[in-house]
Amino acid sequence: MKQTTNTILMIRPVGFRMNEQTAVNNYYQKVLENVLPATVNAKAQEEFDNYVEKLRGFGVNVIVVSDTTETDTPDSIFPNNWISFHENGTVGLYPMFAENRRLERREDILDILEEQGFIIDGVIDYTSGEEENVFLEGTGSLLLDRVNRKAYCALSPRADEALFIEFCEDFEYTPVVFTAYQTVNRERKAIYHTNVMMCLAETFAVICLASIDDKKERKNVVKNLKDDGKEVIDITEAQVNNFAGNMLQVRGASDERFLVMSQAAYDCLTKDQINKIENHCRIISSSLDIIEGCGGGSARCMMAEVFLPRKI
């Protein structure tokens, strides 16, 4: 089993904007005043293209599929929420909180991957959860330690505990459950996705421990990480607000590991935190200001990791 992959699926936006349906519990989204929708989308495309170019420059294999104009899918740029790919050839499909995000699921994407030589042996489909208003938004909700077979999940309106346990049984992961909070207008509210406050790499984890209010839960998360030999790099809630938790470790040329994050995330890290990360791997950062502002998601959300086996 590998924790990192060299192949990433990314969806190029065609109608990117702030999604009013997700804003109800994604408190990281902002309304950009006096900016035309076409300008927002054009800027998002520019950020997307620069980001892809940067990743490819370091030897990451990026498969880019364009979003379609046939559906109104303002968040299609974040494919990791509706699909996951696994080394045994299985694909996971996930139930989405926002109705317009359900339109992002596209069978043709599986065809595109198969055309590129990837093997898909089966699909485990959890999307019927939508009928009961039960959600689990892919690797936004699930942080997978693929080597140690542990899955970390911060419960929220978009991450249902029973469905998370079902996923763990189907894919043979040990569940590590907790709730992570952020302060919104002086109230503690559940952070909508686990991958906003936590990043799991091969030999380290970046995590906002202060967001886990329950001491027992916090201790349990730290114990699991340390038991698996991971250095715990703690970040603050202010850094989470700059998407410093939304990072992903990938493989580039010659199997070199990189930690990928936005420029805003990099800029808010302290020298000490950067040094700790760079003891493990190099950093790739790219400016994603419009995508972060309107979408409330960042570098990690834009990448769906492809672990599928390939035809020999």
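Numbers for residues simply follow the sequence, beginning at 1.
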Student check: side-chain heavy atoms of Leu136 and Glu166 closer than 4.5 Å: no

Spatial distance of atom CZ (Phe258) from atom CG (Leu55) [nearest 0.5 Å]: 10.0 Å

Donor-acceptor side-chain pairing of Asp272 and Thr270 below 3.5 angstrom: no

Arg105 side-chain N/O to Ile83 backbone N/O, donor-acceptor pair under 3.5 Å: no

Shortest non-hydrogen contact from Ser211 toward Met197: OG-CE, 3.4 Å

Test applied, salt bridge (charged side-chain N to carboxylate O under 4.0 Å, His left out); reference residue, Arg251; option that passes from Glu305, Glu202, Glu256: Glu202

Close side-chain approach of Glu292 to Asp289, heavy-atom, < 4.5 Å: yes

Thr68 (side chain) donor-acceptor with Glu70 (main chain) under 3.5 angstrom: yes

Candidate pair Tyr126 and Tyr94, rule ring-ring contact (aromatic ring centres under 6.0 Å, His included), full reasoning: CA-CA 5 Å; Tyr126 299 102; Tyr94 299 94; 5.8 Å; yes

Check: Ser262 side chain, Ala299 main-chain N or O, donor-acceptor pair, under 3.5 Å: no

Non-hydrogen side-chain atoms of Val260 and Val60 separated by less than 4.5 Å: no

No-hydrogen, no-angle side-chain donor-acceptor test under 3.5 Å, Arg188 and Thr183: yes

Identified side-chain contact (heavy atoms from CB on, under 4.5 Å) counterpart of Met261 within the set Val206, Ile284, Leu269: Leu269

With His86, the ring-ring contact (aromatic ring centres under 6.0 Å, His included) member among Phe307, Phe118, Phe171: Phe171

Lys/Arg-Asp/Glu bridge criterion (N-O < 4.0 Å) met for Glu87, Arg146: no

Pair Ser76-Glu104, side-chain donor/acceptor within less than 3.5 Å: no

Side-chain donor-acceptor contact under 3.5 Å, Tyr152 with Thr194: no

Backbone of Asn220 reached by a side-chain donor or acceptor of Asn224 within 3.5 Å: yes

4.5 Å side-chain heavy-atom contact, Thr203 and Arg257: no

Close side-chain approach of Asn81 and Asp75, heavy atoms under 4.5 Å: no

Partner of Leu200 under side-chain contact (heavy atoms from CB on, under 4.5 Å), chosen from Asn148, Leu248, Leu225, Leu144: Leu225

Minimum-distance pair of heavy atoms, taken over all atoms of Phe16 and Asn41: N-OD1, 2.8 Å

Connected via hydrophobic side-chain network under 4.5 Å: Ile119 and Leu110: no

Side chain proximity check, Asn100 to Thr71, heavy atoms < 4.5 angstrom: no

Heavy-atom pair with the smallest gap, counting every atom of Arg149 and Met1: NH1-SD, 3.6 Å

Minimal non-hydrogen separation, Arg300 against Asn246, with atom names: N-OD1, 3.1 Å

Val306 versus Ile8, closest heavy-atom pair with distance: CG2-C, 4.4 Å

Beyond-backbone contact of Phe85 with Leu113, side-chain heavy atoms, under 4.5 angstrom: yes

Closest heavy-atom pair and its distance - Arg12, Val64: CB-CG1, 4.1 Å

Identified salt bridge (charged side-chain N to carboxylate O under 4.0 Å, His left out) counterpart of Lys150 within the set Asp228, Asp227, Asp145: Asp228

Asp108 and Arg106 ion-paired at < 4.0 Å: yes

